[in-house]
There are 2 protein chains.
Amino acid sequence: MPSSTVENYLKEILVESIHSESGLVSMGKIAECLQVTPGTATTMVKGLEKKGWVNYRPRQGVKLTTSGRKLGMSMLRRHRLLETFLVETLDLDWGEIHDEAEELEHAISEKVLEKLDEFLGRPTHDPHGDPIPTSKGNMPEASDLSLLDCTVGQTAKIESIQDQSREFLKFARKNKLLPGSKIEVIQLDRIADTMQIKVGLKSFLNIGSKTAEKIVVHRSGEMEQ
Amino acid sequence: MPSSTVENYLKEILVESIHSESGLVSMGKIAECLQVTPGTATTMVKGLEKKGWVNYRPRQGVKLTTSGRKLGMSMLRRHRLLETFLVETLDLDWGEIHDEAEELEHAISEKVLEKLDEFLGRPTHDPHGDPIPTSKGNMPEASDLSLLDCTVGQTAKIESIQDQSREFLKFARKNKLLPGSKIEVIQLDRIADTMQIKVGLKSFLNIGSKTAEKIVVHRSGEMEQ
DNA sequence: AATTAGACTTTGATTAATCAAAGTTTATTT
DNA sequence: AAATAAACTTTGATTAATCAAAGTCTAATT
Ligand SMILES: [Mn+2]
Ligand SMILES: [Mn+2]
Ligand SMILES: [Mn+2]
Ligand SMILES: [Mn+2]
């Protein structure tokens with residue numbers, strides 16, 4: 001049975017591989033995600049390769065094998081279903097749930113997870129708007145469009161928030177930047193690195209590009225579901 | 001922060017110390033409970049002493065300190081509340097929940113536990129009939145009377161089942177040996193090591209002393225609540 | 001009192017995960 | 001083409017938890 005450490009590595013490698021066009025994930029990225037030194041990442045990845053979960057090309061990066069991908073998907077499913085449970089059923093704040101799920105995901109069995117999924121009514125997205133993989137390991141593709149890609153006058157709907165930190169999520173909630181919220185780009189200044197948006201029907205907000213990049217959207221009219 | 005291993009040791013030492021009149025728990029008992037070799041138990045216990053969770057007298061046994069007792073109680077609370085959740089909310093079989101809770105207890109935070117307790121309506125006993133410690137670390141005393149202590153003609157009510165194994169719990173449920181069930185002792189043969197009991201109003205059952213000892217009861221009339 | 005059985009402790013080794021620091025490779029500047 | 005910087009890998013050490021096997025104590029039993 002894989003350790004919690006291995007489960008964390010495979011989950012993060014999966015998420016990063018989705019965000020990378022080549023599918024390769026660098027040691028530096030892994031070290032950053034898992035908060036370890038680069039040497040530790042290298043050593044661990046060699047161990048993952050020996051167990052058949054990844055293919056590792058020194059100084060190129062790492063790629064999940066079929067079995068590694070399966071395990072990573074299963075962890076992502078656990079994580080996101082647990083986050084949903086913590087918000088929907090236990091009413092925790094969405095800023096707190098990531099860290100809690102980070103631990104619980106390693107302790108919950110497939111059997112309990114299945115019961116939990118049923119209890120929750122088979123949700124498709126977690127509280128941050130991220131898609132929940134099915135038990136078969138399928139995951140709907142997410143939009144690759146952030147607010148940063150929108151131009152003045154465009155309207156969009158928030159799909160997900162790509163920052164799990166307490167402070168950012170607190171800021172997002174306070175300003176109604178939630179999955180489903182309607183956004184309109186009012187003003188853009190690339191030089192000043194600032195963007196004015198309308199959130200909902202009457203509230204306005206200024207954000208910089210770093211923040212805009214974290215708001216994943218689909219443009220209004222596209223992909224309504 | 002204590003590791004899962006330490007948490008397991010302290011929880012089991014607590015449970016065993018309640019079942020022992022001297023309060024001392026032997027290395028052999030610890031090794032048995034935790035499924036490790038005696039040498040491992042000795043080594044671990046010395047580590048627990050260095051951290052201030054137990055007092056250890058070589059070849060005598062081990063006793064929890066105040067802080068060790070507190071941690072052990074907290075683990076017992078987590079374990080039993082989680083078992084309750086798994087049965088009440090997710091509808092798992094009571095034979096499966098012990099092993100699941102054994103893992104989850106290390107991953108759930110005090111904050112989530114508090115929400116869970118509230119969600120469950122602050123239950124006082126787990127599905128096996130064992131008392132759930134309060135968040136202050138208080139636990140109602142359990143009966144020390146088993147079916148083995150009853151004589152012919154006596155009636156009693158089952159308080160708890162003291163065997164967490166799948167097979168035993170399956171047997172118990174099939175025969176309606178559940179917390180709250182009414183039992184009457186019909187026949188007793190110490191030599192043959194057998195006991196006939198009436199369960200509920202019409203079903204009869206023969207059990208040996210080893211099984212009778214696992215059925216903790218309070219005699220009818222006593223401690224009704 | 002000597003023997004023996006059982007419980008316990010000690011010792012030496014192993015595995016997983018980690019870090020710091022030293023060494024190597026690769027890509028980018030000059 | 002050299003020099004440099006950044007990213008990466010290697011090495012040697014550490015910690016927690018464990019086991020097998022050898023050694024020691026204690027409490028019966030003879
Ligand atoms: Mn995790
Ligand atoms: Mn999430
Ligand atoms: Mn446990
Ligand atoms: Mn129980």
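Here the structure is a predicted model, which is why all the values come from computation and not from measurement. Letters A, B, ... are given to chains in the order of the sequence lines, protein chains preceding strands, and every chain is numbered from 1.
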What is the separation between atom [atom1] on [X] and atom [atom2] on [N], rounded to the nearest whole Å?
| X | N | atom1 | atom2 | value |
| --- | --- | --- | --- | --- |
| B:Tyr56 | C:dA7 | OH | C1' | 11 Å |
| A:Arg59 | C:dA27 | CZ | P | 10 Å |
| A:Met44 | D:dT9 | CE | C1' | 16 Å |
| A:Leu48 | C:dA16 | CG | P | 12 Å |
| B:Arg57 | C:dC8 | CZ | P | 15 Å |
| B:Glu49 | C:dC8 | CD | P | 16 Å |
| A:Lys29 | D:dA6 | NZ | P | 18 Å |
| A:Met27 | C:dT25 | CE | P | 17 Å |

Inset, instruction - Give the ring-plane orientation class for A:Phe85 versus B:Phe85, where under 30° counts as parallel, over 60° as perpendicular and anything between as tilted. - result: tilted
Short side-chain N/O contact from [X] to OP1 or OP2 of [N], under 4.0 Å:
| X | N | result |
| --- | --- | --- |
| A:Thr43 | D:dT9 | no |
| A:Tyr9 | C:dT18 | yes |
| B:Thr37 | D:dC19 | yes |
| A:Thr5 | C:dA16 | no |

Look at all strands and tell whether [X] reaches a base, only sugar-phosphate, or nothing, counting heavy atoms closer than 4.0 Å.
| X | result |
| --- | --- |
| B:Lys46 | sugar-phosphate |
| B:Gly39 | base |
| B:Thr40 | base |

Inset, instruction - Let me know, please, whether B:Lys51 or B:Gln35 comes out on the 5' side of the other along DNA chain D by nearest nucleotide. - result: B:Lys51
Side-chain H-bond candidate by donor/acceptor type, [X] with [Y], under 3.5 Å:
| X | Y | value |
| --- | --- | --- |
| A:Asp126 | A:Thr84 | no |
| A:Thr65 | A:Arg69 | no |
| A:Gln162 | A:Asp130 | yes |

Inset, instruction - Just compare C:dA17, D:dA17, D:dT18 and give me whichever is closest to any side-chain atom of B:Val36. - result: D:dT18
Inset, instruction - Decide yes or no on salt bridge (Lys or Arg N to Asp or Glu O under 4.0 Å) for B:Glu114 and B:Arg122, but give the supporting numbers first. - result: CA-CA 9 Å; B:Glu114 170 55 29; B:Arg122 315 226 177 258; 3.0 Å; yes
